[in-house]
Amino acid sequence: SFPTLAKAAILAIAAAAAMFAFSRLRNTASNNLRRAREFHEQATLFHESGDEEEAKLLLERSNYNREKAYEQMKQQS
């Protein structure tokens with residue numbers, strides 16, 4: 001019946017969303033490198049707009065995530 005099908009569809013969407021969120025939030029080398037890239041891109045935008053203080057903070061976060069990722073990669077090999 002339709003209500004059962006609708007419930008199954010909602011459950012499947014919720015499960016897919018949970019899996020996606022979990023995969024993006026895990027503390028892995030690839031996720032930390034992605035975060036580093038994103039922070040670096042944001043820092044560049046703030047630098048170009050003249051907000052050096054915010055750019056510096058974002059670069060620090062970028063470097064932290066990059067270093068964390070490199071440490072994780074060294075532990076894996």
Side-chain angles (χ1 to χ4, degrees):
S1 72
F2 178 75
T4 303
L5 183 59
K7 289 178 189 176
I10 291 170
L11 185 60
I13 291 170
M19 288 174 24
F20 176 76
F22 177 74
S23 70
R24 297 276 294 178
L25 297 174
R26 287 184 318 167
N27 185 20
T28 64
S30 62
N31 279 344
N32 285 323
L33 283 175
R34 177 185 46 79
R35 289 181 192 112
R37 282 191 306 272
E38 291 171 355
F39 285 130
H40 191 95
E41 289 171 6
Q42 291 174 9
T44 301
L45 293 175
F46 276 98
H47 171 72
E48 290 172 352
S49 71
D51 191 345
E52 296 301 323
E53 187 174 324
E54 187 65 23
K56 183 179 177 183
L57 292 173
L58 290 166
L59 278 176
E60 289 172 3
R61 290 181 75 181
S62 175
N63 289 335
Y64 171 79
N65 280 281
R66 188 173 293 106
E67 289 172 13
K68 193 172 180 179
Y70 290 151
E71 285 299 317
Q72 289 171 322
M73 286 188 282
K74 282 198 316 191
Q75 290 175 359
Q76 291 175 353
S77 55

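If you read the sequence from its start, that first residue is 1, and numbering goes on from there.
- A salt bridge does not link Lys56 to Glu52: none of the charged nitrogens lies less than 4.0 Å from a carboxylate oxygen.
- Tyr64 OH to Asn32 CG: the interatomic distance, rounded to the nearest 0.5 Å, is 8.0 Å.
- With sequence neighbours excluded, the residues forming a side chain to side chain donor-acceptor pair (under 3.5 Å) with Asn63 are Arg66, listed by chain and number.
- Scanning all heavy atoms of the two residues, the minimum distance from Gln72 to Thr28 falls at OE1-C, 3.2 Å.
- The shortest heavy-atom contact between Ala69 and Ala29 is CB-O, 3.5 Å.
- Ion pair Lys68/Glu71 not flagged as a salt bridge, since none of the NZ, NE, NH1 or NH2 atoms sits closer than 4.0 Å to an Asp/Glu carboxylate oxygen.
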Inset, instruction - Report the C-alpha separation of Asn65 and Arg37 in whole Å, then their side-chain angles, then the decisive distance to 0.1 Å, and conclude whether the side-chain contact (heavy atoms from CB on, under 4.5 Å) test is met. - result: CA-CA 9 Å; Asn65 280 281; Arg37 282 191 306 272; over 6 Å; no
Inset, instruction - Given side-chain contact (heavy atoms from CB on, under 4.5 Å), test His40 with Leu58 step by step and report yes or no. - result: CA-CA 7 Å; His40 191 95; Leu58 290 166; over 6 Å; no
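- Atoms OG and CZ, on Ser62 and Arg35 in that order, are 12.5 Å from each other to the nearest 0.5 Å.
- Arg24 and Glu38 are joined by a salt bridge, as a carboxylate oxygen and a charged side-chain nitrogen come within less than 4.0 angstrom of each other.
- Criterion: ILVMFWY side-chain heavy atoms under 4.5 Å apart, direct or through other members. Under it, Phe46 and Phe39 are part of a common hydrophobic cluster.
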